[in-house]
Amino acid sequence: MKIHLCVFYLLPLVINLSLFRVLAVELTFELPDNAKQCFHEEILEKNIKCTIEFQVVTGGNYDVDMSLEAPNGQILYTDIKKQYDSFTWTVDHTGIYTVCFSNEFSTFSHKLVYMDIQIGEEKPLPGIGDHATAMTQLESSSVQIHENLNTVVDYQTHHRLQEAHDRKRAEDLNERVLYWSIGETFLILLIGVGQVVVLKNFFAEKKPSQLNAH
């Protein structure tokens, strides 16, 4: 059974939540065998840091080819047969950045790939960034809680990906054990039937015509 696009319906929620943090795009998509998919993100501000992170959740050897191209055609990042990685760069050229994932080296394995793009630094909490004096203990605690919650969200995302990865591997292992058990069952039945037939022929009385022939 194929795993189709499964997180696109969550994308508006992710984007809306990202307005309170950084401009971020998260999605999980299916990459068929012998296929290549590219995604485009327009960045309109220079000298900001961007980060792209990806991970192959299921399929084959959990690897994929990935490349990142700047608007001027420069290849900022490229790697082959990678299971997961992250790359951070500073925007020198505004325009459309292209991210491509390739599974062209695989002839039958579909891949499920997770991608996360974060653009820019996180903005400070309202009233904190332009603070003229030292922050109060309450404000410092609010900032610390905010940062910890962001860390929790990141950990939850990675744990969900790891759980999906491990669940798929366990399902594949369970399927192999099931097929192996079915094969062993048929083999045991075949051997049992063969032994019965051999023993039956061994103890069967021979006809006179068969004795005379010997």
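Given the structure is predicted, the values throughout are model-derived calculations rather than measurements.
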Flag side-chain contact, heavy atom, 4.5 Å: [X] against [Y]:
X     : Y      : value
Glu30 : His110 : yes
Lys49 : Trp89  : no
Thr28 : Leu112 : yes

### Query
Would you find more than 12 non-hydrogen atoms of other residues, nucleotides or ligands less than 6.0 Å from Asp85 atom CG?
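Enclosed.
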task: Would you indicate whether Leu149, at its atom CG, is surrounded by more than 12 heavy atoms from other residues, nucleotides or ligands within a distance under 6.0 Å?
output: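 Count over threshold, so yes.
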Q. When you measure from the side chain of Asp65 to the backbone N and O of Phe101, does any donor-acceptor pair fall under 3.5 Å?
A.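 Looks like no, no N/O pair under 3.5 Å.
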Asn174 side chain to Ala170 main-chain N or O, any donor-acceptor pair under 3.5 Å?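 No: the side chain of Asn174 does not pair with the backbone of Ala170.
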For Thr58 and Asp172, run side chain to side chain contact (heavy atoms under 4.5 Å, CB included): C-alpha distance rounded to whole Å, both residues' side-chain angles, the deciding distance at 0.1 Å, then the answer. CA-CA 10 Å; Thr58 61; Asp172 292 340; over 6 Å; no
Kindly assign one of parallel, tilted or perpendicular to the pair Phe54 and Tyr77, based on the angle between their ring planes and the thresholds 30° and 60°.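 Ring orientation, 0 to 90° scale: perpendicular.
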* Asked: Does the ring center of Tyr84 lie less than 6.0 Å from the ring center of Tyr114?
  ->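 No.
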Verdict with supporting geometry, Ile52 and Met66, side chain to side chain contact (heavy atoms under 4.5 Å, CB included): CA-CA 11 Å; Ile52 180 171; Met66 184 269 197; 3.4 Å; yes
Check: Is it true that Lys111 and Asp63 have a side-chain N and a carboxylate O under 4.0 angstrom from each other?
Finding: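 Salt bridge: yes.
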**Study point:** Value rounded to 0.5 Å, distance of OG in Ser102 from CG in Asn34
**Key:**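 It comes to 9.0 Å.
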